[in-house]
Structure formats: structure tokens, C-alpha cells
Novice: 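If you scroll down you'll find the structure; I have some questions about it.
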Amino acid sequence: MNKRALMTDSERALDERLGSAAFLRRNIRKVFPEQWSFLLGEIALYSFMLLVLTGVFLSLFFKPSEEDTVYDGSYALLRGAKVSEAYASTIDISFDVRGGLLVRQIHHWAAVLFVAAICVHLMRIFFTGAFRKPREINWLIGTTLFALAVAEGFGGYSLPDDLLSGTGLRIFQGILLSIPIVGTYLSFFVFGGEFPGHQFIPRLFTVHILLIPGILIALITAHLMIIWHQKHTQWPGPKRTGHNVVGSPTFPQFLTHTIAFQLYVAGLITLLAAWVQINPIWLYGPYRPDAVSSGSQPDWYVGFLEGSLRLMPRISWSFAGHTIAWNALVPAVLLPMAFFTLIALYPFFERWVTGDDRPHHLCDRPRNAPTRTALGMAAITWYGNLWAAGGNDVIAAVFKIPLEYTTWFFRIGFFAFPVIAFVVTRRICLSLQRSDAQAVEEGIESGIIKRLPTGQYIEVHDRPRPEQAMIAQAVHPDDLVRPLPRHIIPLPTPNRIIAQIQARLNQAYTKYAAETPTPEERRELEKRPD
């Protein structure tokens with residue numbers, strides 16, 4: 001039997017059992033749009049795959065135990081020191097396991113890039129409106145993935161039991177204790193007794209390598225299945241409508257591109273791991289409850305929590321025999337819960353405000369949704385202010401500024417900077433909209449000056465290409481504008497207050513918004529000569 005006949009028989013046998021031929025016929029020509037911003041999700045996916053591979057390798061050598069041992073490995077400066085088995089095994093991976101340090105650093109850099117890619121991917125979806133119907137479920141999945149990725153990163157960062165991660169765990173225990181009534185019980189349950197205990201690292205190891213990765217794999221699979229079922233969003237352009245996708249078919253173009261991109265991501269992370277040191281725990285030393293390293297900073301994705309803790313004033317109440325430590329409860333429990341909840345619920349909030357229940361398959365240009373874009377920039381500015389506040393001591397030391405000055409600067413910025421970012425961003429978006437409208441109406445400046453027979457000099461304007469004109473064309477969504485309710489007797493009842501708020505928010509969204517061209521305008525624009 002020749003090879004071709006053998007392959008044909010194998011394919012037939014597989015198809016008879018799994019029905020693979022029908023599935024491939026339906027899906028092998030599925031089209032994916034070609035645009036660089038759509039690669040952000042792929043960066044997160046391939047970083048996660050690298051995390052799983054390197055995590056399996058590291059789990060073969062790591063000892064998740066807080067029992068004391070005496071280090072006698074290759075690192076001379078620690079030889080003879082009393083350390084935990086978790087810390088000693090991590091040092092052994094770094095210095096005594098062949099390729100161990102490289103794999104450790106690949107794992108850590110992949111974790112950093114994984115969280116960053118999810119964060120930027122969510123921002124891309126937010127600013128382009130790709131979360132709208134019918135993609136709200138995927139937005140909820142993405143938000144959950146972001147929260148779980150932050151928790152997973154913090155867990156992996158805490159496992160080596162070094163002085164830096166131990167300081168972070170001490171802060172985590174204080175956050176648990178700040179929860180009223182149940183805080184003490186939660187702390188005893190998580191740490192298996194008084195901090196630091198001897199049960200936390202084994203428990204965290206199980207959560208880090210089994211529980212959260214299992215949930216992440218399930219959510220990523222669901223996310224990809226929904227994307228596969230729903231067609232991918234795309235940027236407006238010629239022949240692109242809400243009923244088609246313009247791009248490359250799954251096989252062979254998209255498959256070839258995505259495999260190459262996967263290799264690029266893996267290569268970049270490996271280069272970072274080989275040349276850029278990260279988390280050198282041998283310099284920090286083992287964790288001791290009575291020591292804190294100077295200038296301790298967590299990984300970037302936990303920095304906003306560090307900043308919020310530093311900015312909150314010392315406020316505590318005693319109520320019914322319980323002490324409520326607001327200085328830890330508000331910035332480290334209530335604020336992140338509100339942050340992730342508001343992110344998750346935003347698609348439903350915008351749909352309630354605008355009344356837009358139509359399916360959307362074309363992305364918005366951020367400038368054409370100025371209120372949404374301004375809100376996003378306000379949130380980024382607010383987050384960045386907290387992130388910078390997490391290093392206020394380092395800023396004070398480097399720039400020779402009193403620590404109190406930096407603290408008050410970021411406290412004022414907590415309220416002022418998002419408002420400034422909102423106003424400035426919205427004005428910029430409106431200005432860009434006017435510029436686009438002017439380009440469509442008058443043409444694009446060519447830099448050529450022409451003299452008329454009358455002696456007058458004018459500047460020659462080129463007509464925008466149909467694709468540029470189509471993207472720049474602004475259509476005011478008048479059907480979404482809701483008039484302000486007028487009541488004969490203006491009594492402030494709850495329903496009337498809600499109606500007034502909804503109507504004013506509606507006008508803030510729709511009165512300054514633009515949409516992509518209508519089908520009639522598309523046909524007209526495509527007829528224009530270049």
C-alpha cells in the first residue's frame with residue numbers, strides 16, 4: 001500500500017468516527033481580518049501556552065514547603081543559611097538545574113507579558129466598541145481572565161518565599177484582616193494559622209498550578225469558541241459590512257501567519273529571559289517576618305493596589321466590638337472589586353444609556369465615540385496615577401522630594417487627573433471628527449499652490465481615496481438621541497430622577513458621536529475616483 005492510499009484510508013477512518021471532514025469543509029475557509037491590533041489577543045494566548053510549558057518544567061524541581069532547611073547549594077553567599085525548602089529549591093533551580101534560570105525567567109517574563117497583553121487587548125476592544133451586541137459574553141470572559149491573570153501572577157510571584165514576595169504576602173494578610181467580622185477567620189483559613197504558618201505555600205502551589213490554570217484554560221477555550229462561532233469584528237472599509245469579513249482564510253494563510261507569530265512571541269520572550277534579569281531572589285534573601293527590603297515594589301499589575309494603600313489616610317472605626325480599618329479595606333478590597341465590576345458591566349451600561357440594541361460587527365474609530373473614549377482615558381489615567389503612587393518613596397528618594405509632597409500630589413491626582421483626561425480627550429476626539437469631515441468635504445491638502453487666470457493663488461486639494469473617505473465619513477446617529485423628559489409637575493420621584501439621568505447620559509453619548517457610513521453612502525463613496 002502506497003503512502004497516498006494509507007493517508008486516504010486514515011482520513012476516511014477518522015471521518016467515520018469523528019465526522020472531521022464535514023467540520024473541516026465548514027470551517028477551513030473561515031476568514032480572519034488582517035490588522036495588527038487583532039494580534040494582541042494572540043500575544044496573550046501564546047504567552048499563556050509558554051507559561052504552561054515552562055510551569056510544567058519548574059514544578060518538577062520546586063518544593064512547595066515552608067519547612068526550614070540549611071542551604072548548601074552553589075550560591076556561596078547563602079551557603080549555610082537557614083531558609084525554607086521553597087526558597088532553597090528555587091535557588092537550586094536558578095543555579096544547579098541545567099537551564100533552570102533561563103526557564104524561570106522565561107516563565108516570569110511570559111507572565112508579565114500575558115497580563116499586559118490581556119490588559120491592552122481589553123483596551124482595544126473597549127475603545128473600538130467591539131464589546132457590543134452580540135459579544136457581551138466574551139467581554140465578561142475577558143474581564144474574568146484579566147482578574148484571574150492578576151491573581152495567578154501574584155500567586156506565582158509569592159511562591160519562592162523570598163523577602164520581596166514575603167513582604168507582599170504580609171500586606172495580603174493585612175488586607176484579609178481588614179475585612180469586617182470574617183477577616184480573622186479568612187486569614188487563619190488561608191495561612192493555616194498565624195502568619196506566616198507552614199501551610200500557605202503548599203496551598204498556594206496547588207491553586208497556582210491546578211485551580212486557576214484550569215479555570216483559565218476553560219475560559220480561553222470558551223472565548224475562542226465564541227469568536228469562532230461569531231464572525232470577527234473588522235475595521236470599516238471598502239466591501240466591509242456587518243454581514244461579511246474581509247481577510248485571510250484559516251488555511252493556509254491565517255494558519256501560517258499565526259504559527260509564525262507564535263514563534264516570534266516565544267523568541268522575544270526567550271531573548272528577554274536571556275538578556276534582561278527579572279526577580280533575582282538570591283539578592284533579596286529568604287523571607288523573615290522582622291525584615292523588609294528597601295524600595296520594595298511588586299510586579300506592575302499589582303502596583304495600583306500598592307499605590308491605593310499608600311494614598312489612603314489612616315482611618316479606622318470601632319463598631320460593635322469590631323475594628324474597621326478603612327485605610328486597608330477601601331483601597332485594597334472595595335476599590336479593586338468596584339474597578340473590575342464596573343469594567344465587566346460597562347457594555348450593559350452603555351446599551352442602557354444609548355438604547356442601541358443593534359448587533360455590531362464593525363469597529364468604531366475611538367474618535368467617533370468621544371464620550372466612551374474619554375471615559376477610557378480617564379480610567380487609564382486614574383490607574384496610572386495609582387500605579388505611580390506605588391513608587392512614591394522611590395520618586396521621593398530619586399528626585400529629593402519630601403515623601404509627604406509626593407503623597408499629596410498623587411492624592412489630588414486621584415480625583416483631578418481623570419477629570420482632566422476626560423475633558424481633554426473628548427475635545428481632541430471632537431476636533432479629529434471635524435478634521436475628518438473637512439477632509440471629506442474639501443479634500444486633503446496637497447502642498448501644491450496653483451495660480452488662477454485672475455492672478456489669485458489657491459491651494460490644490462486632493463480628494464481622499466474611497467477607503468479614507470469611507471472611514472472618515474461621520475454619520476450622526478439621530479435615531480439614538482433621546483429628548484430630555486418634561487414633567488408637568490417636577491416632583492423628584494425615583495423613576496423621574498432615573499429618567500433624567502438616563503436621558504442626559506444618552507445625549508452625552510449620542511449627541512457627539514459618529515458612526516460608519518450607511519450602505520447608501522458606502523456605495524456613493526466607492527464610486528468616487530481616487
Novice: Output, in order, the C-alpha distance, side-chain angles, deciding distance and verdict of side chain to side chain contact (heavy atoms under 4.5 Å, CB included) for M49 and Q262.
Specialist: CA-CA 10 Å; M49 292 170 61; Q262 180 181 7; 3.1 Å; yes

Novice: Let me see the working for H361 and R135 under side-chain hydrogen bond (donor to acceptor under 3.5 Å, both in side chains), right down to the final yes or no.
Specialist: CA-CA 9 Å; H361 301 292; R135 295 174 178 83; 3.0 Å; yes

Novice: Is the shortest heavy-atom distance from the side chain of I324 to the side chain of S316 under 4.5 Å?
Specialist: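 Contact flag for I324/S316 side chains = no.
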
Novice: Drop me the distance from H223's NE2 to I141's CD1, to the nearest 0.5 angstrom.
Specialist: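 Between atom NE2 of H223 and atom CD1 of I141 there are 7.5 Å.
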
Novice: How about V31 and S248: do any of their side-chain heavy atoms sit closer than 4.5 Å?
Specialist: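 Answer no - side chains too far apart.
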
Novice: Can you check whether F348 reaches F131 side chain to side chain, under 4.5 Å on heavy atoms?
Specialist: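 They are not in side-chain contact.
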
Novice: Taking the side chain as every heavy atom from C-beta outward, state whether N279 and Y284 have any pair of such atoms under 4.5 Å apart.
Specialist: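 A side-chain contact under 4.5 Å exists here.
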
Novice: Counting the benzene-type ring for Trp, do F340 and F146 have ring centres under 6.0 Å apart?
Specialist: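 Centroid separation for F340 and F146: below 6.0 Å.
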
Novice: Can you confirm whether W317 sits close enough to W326 that some side-chain heavy atom of one is under 4.5 Å from a side-chain heavy atom of the other?
Specialist: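 Side chain of W317 against side chain of W326, heavy atoms only: contact under 4.5 Å found.
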
Novice: To the nearest 0.5 Å, how far apart are CG in L386 and OG1 in T381?
Specialist: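 Rounded to the nearest 0.5 Å, the CG-OG1 separation comes to 11.0 Å.
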
Novice: A side-chain contact here means heavy atoms from C-beta on lying under 4.5 Å apart; do D364 and R132 qualify?
Specialist: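 Yes, at least one pair of side-chain atoms sits under 4.5 Å.
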
Novice: Output yes when K133 and D356 qualify as a salt bridge under the 4.0 Å nitrogen-oxygen rule, no when they do not.
Specialist: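 Answer for the salt bridge query: no.
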
Novice: Can you give me the closest heavy-atom contact between N506 and L480, atom names plus distance?
Specialist: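 In terms of heavy atoms, the two residues are closest at ND2-O, 3.0 Å.
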
Novice: Given side chain to side chain contact (heavy atoms under 4.5 Å, CB included), test L375 with Y346 step by step and report yes or no.
Specialist: CA-CA 11 Å; L375 283 174; Y346 180 82; 4.2 Å; yes

Novice: How long is the straight-line distance from CH2 of W36 back to CZ of R124, given to the nearest 0.5 Å?
Specialist: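 Nearest 0.5 Å value for the CZ-CH2 distance: 9.5 Å.
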
Novice: Checking the side chain of S435 only, and the main-chain atoms of S431 only, is there a donor and an acceptor separated by less than 3.5 Å?
Specialist: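 No.
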
Novice: Quick one, F114 with W109, criterion ring pair (Phe, Tyr, Trp, His ring centres under 6.0 Å). Give me CA distance, side-chain angles, the key distance, then yes/no.
Specialist: CA-CA 8 Å; F114 176 57; W109 274 115; over 10 Å; no

Novice: With rounding to the nearest 0.5 Å, note down the distance linking CD in E42 to NE2 in H257.
Specialist: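 So the CD of E42 and the NE2 of H257 are separated by 11.0 Å.
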
Novice: Charged N to carboxylate O below 4.0 Å: is that the case for R351 and E136?
Specialist: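 A salt bridge links R351 with E136.
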
Novice: More than 12 foreign heavy atoms under 6.0 Å from CD1 of I215: is that the case here?
Specialist: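 Enclosed.
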
Novice: Show the numbers, then the answer: is there a side chain to side chain contact (heavy atoms under 4.5 Å, CB included) between L403 and R310?
Specialist: CA-CA 11 Å; L403 183 62; R310 296 189 183 201; over 6 Å; no

Novice: Could you check whether the rings of F349 and Y509 sit parallel, tilted or perpendicular, using 30° and 60° as the cut-offs?
Specialist: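 Because their plane-to-plane angle is over 60°, the rings of F349 and Y509 count as perpendicular.
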
Novice: Ignoring hydrogens, what is the shortest heavy-atom contact between C363 and W235? Give both atom names and the distance.
Specialist: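 Shortest heavy-atom separation between C363 and W235 comes out as CB-CE3, 3.9 Å.
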
Novice: With side chains defined as the heavy atoms from C-beta onward, is the minimum distance between H108 and L51 less than 4.5 Å?
Specialist: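 A side-chain contact is absent here, since even the closest heavy-atom pair is not under 4.5 Å.
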
Novice: Restricting to non-hydrogen atoms, name the atom on I106 and the atom on L50 that form the minimum distance, rounded to 0.1 Å.
Specialist: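 So the two residues come closest at CG2-CD2, 3.8 Å.
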
Novice: Verify, without hydrogens or angle tests, whether N327 (side chain) and L309 (backbone) share a donor-acceptor contact under 3.5 angstrom.
Specialist: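 A pair under 3.5 Å: no.
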
Novice: Quick one: closest heavy-atom pair of A328 and S178, and the distance?
Specialist: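 Nearest heavy atoms, A328 then S178: CB-CB, 3.6 Å.
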
Novice: Write down the atom of P418, the atom of G413, and the distance for their closest heavy-atom approach.
Specialist: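 Smallest heavy-atom distance, with atoms named: CD-O, 3.3 Å.
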
Novice: Taking T258 for its side chain and F254 for its backbone only, find out whether a donor-acceptor pair lies under 3.5 Å.
Specialist: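 Side chain of T258 to backbone of F254, a donor-acceptor pair under 3.5 Å: no, none is there.
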
Novice: Side chains of Q433 and P370: does their closest heavy-atom pair fall under 4.5 Å?
Specialist: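 They are in side-chain contact.
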
Novice: Does a sphere of radius 6.0 Å around OH in Y264 hold more than 12 heavy atoms from other residues, nucleotides or ligands, not counting ones at 6.0 Å or beyond?
Specialist: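 Open.
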
Novice: Which distance, rounded to the nearest 0.5 Å, do you find between the OG1 of T233 and the NE2 of H360?
Specialist: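 That separation rounds to 12.5 Å.
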
Novice: Just how far is it from atom CD1 of I259 to atom CG of L255, taken to the nearest 0.5 Å?
Specialist: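 Between I259 CD1 and L255 CG, I get 4.0 Å after rounding to 0.5 Å.
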
Novice: With ring pair (Phe, Tyr, Trp, His ring centres under 6.0 Å) as the test, would you mind laying out the steps for W387 and W300 before giving the verdict?
Specialist: CA-CA 8 Å; W387 181 79; W300 73 270; 7.9 Å; no

Novice: Between the side chain of T221 and the main-chain N/O of I217, is any donor-acceptor distance below 3.5 Å?
Specialist: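 Yes: the side chain of T221 pairs with the backbone of I217.
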
Novice: Tell me, with the steps shown, if R365 and T128 meet side chain to side chain contact (heavy atoms under 4.5 Å, CB included).
Specialist: CA-CA 6 Å; R365 299 178 81 199; T128 61; over 6 Å; no

Novice: Ring-plane angle category for F38 and H232, please: parallel below 30°, perpendicular beyond 60°, tilted otherwise.
Specialist: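 It falls in the perpendicular class, over 60°.
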
Novice: Using modelled atom types and a 3.5 Å cut-off, is there a donor and acceptor pairing between side-chain atoms of Q502 and backbone atoms of W352?
Specialist: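 Such a contact is found between Q502 side chain and W352 backbone.
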
Novice: Quick one: does T373's side chain have a donor or acceptor within less than 3.5 Å of a partner on P366's backbone?
Specialist: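 Present.
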
Novice: Counting only heavy atoms not in Y405, do more than 12 sit closer than 6.0 Å to its OH atom?
Specialist: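 Open: at most 12 neighbouring heavy atoms sit under 6.0 Å from OH of Y405.
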
Novice: List the atom of V333, the atom of M337, and the distance in Å for their closest heavy-atom pair.
Specialist: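 Closest approach of V333 to M337, heavy atoms only: O-CG, 3.0 Å.
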
